[in-house]
Amino acid sequence: MRTSTRRKTNRSISPAVIVHTAQPVEQQPDPNQLINQLAQQMAQALIQQQQIQPAQNRRNTLTVKEALAEVFENSISEYKLYSMLRAGTIPHVKIGSKYLLRRDTLEAWMRQQEQGGGS
């Protein structure tokens, strides 16, 4: 005996309807503004790094070129620095033909010059 199986179909299902809703559009940031923000962050990081670096890590005895770059920040010419050394205006030690300068002595000398106490 054979039984027939009938599938029941639900004819009441309606087709799916997709509804699109408007989504807020995100504003794209201005590339120039992003570059400026990044530059400011990098500058702040460099300043913090320089402030954290202890003074003990810096060498105290400098050559003329090192003093020119590190203490005088290349604000005068190398020729001018040598002429001031030969004239004895800037405190230094001369060993043979080489001039040696102490960082702390130069910084104290510069402070004295700022206060008008030097020649």
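- In this structure, the separation between CD on Gln37 and CG on Asp30 is 9.5 Å, given to the nearest 0.5 Å.
- Taking every heavy atom of both residues into account, Trp109 and Thr89 meet most closely at NE1-O, 3.3 Å.
- Between the side chain of Asn60 and the backbone N or O of Arg103, at least one donor-acceptor pair lies under 3.5 Å.
- Between atom CG of residue Leu62 and atom NE2 of residue His92 there is a gap of 14.0 Å, rounded to the nearest 0.5 Å.
- Between Phe72 atom CZ and Lys80 atom NZ the span is 11.0 Å, to the nearest 0.5 Å.
- Residues Val71 and Ile76 fall within the same hydrophobic cluster, defined by Ile, Leu, Val, Met, Phe, Trp and Tyr side chains chained together at heavy-atom separations under 4.5 Å.
- Each of Leu81 and Leu100 belongs to its own hydrophobic cluster when Ile, Leu, Val, Met, Phe, Trp and Tyr are linked at side-chain heavy-atom distances under 4.5 angstrom.
- Counting heavy atoms from C-beta outward, Tyr99 and Arg86 have side chains that approach closer than 4.5 Å.
- Cluster membership check: Ile90 does not share its hydrophobic cluster with Val93, using side-chain heavy-atom separations under 4.5 Å among Ile, Leu, Val, Met, Phe, Trp and Tyr.
- A heavy-atom distance below 4.5 Å is found between the side chains of Leu101 and Leu85.
- Side chains of Leu34 and Leu38 form no contact here, defined as non-hydrogen atoms less than 4.5 Å apart.
- Across every non-hydrogen atom of Ala67 and Leu106, the tightest pair is CB-CD1, 4.0 Å.
- You'll find the side chain of Arg59 reaches within 4.5 Å of the side chain of Glu66, heavy atoms only.
- Taking all atoms of both residues into account, the shortest heavy-atom contact from Ala69 to Asn74 is CA-OD1, 3.8 Å.
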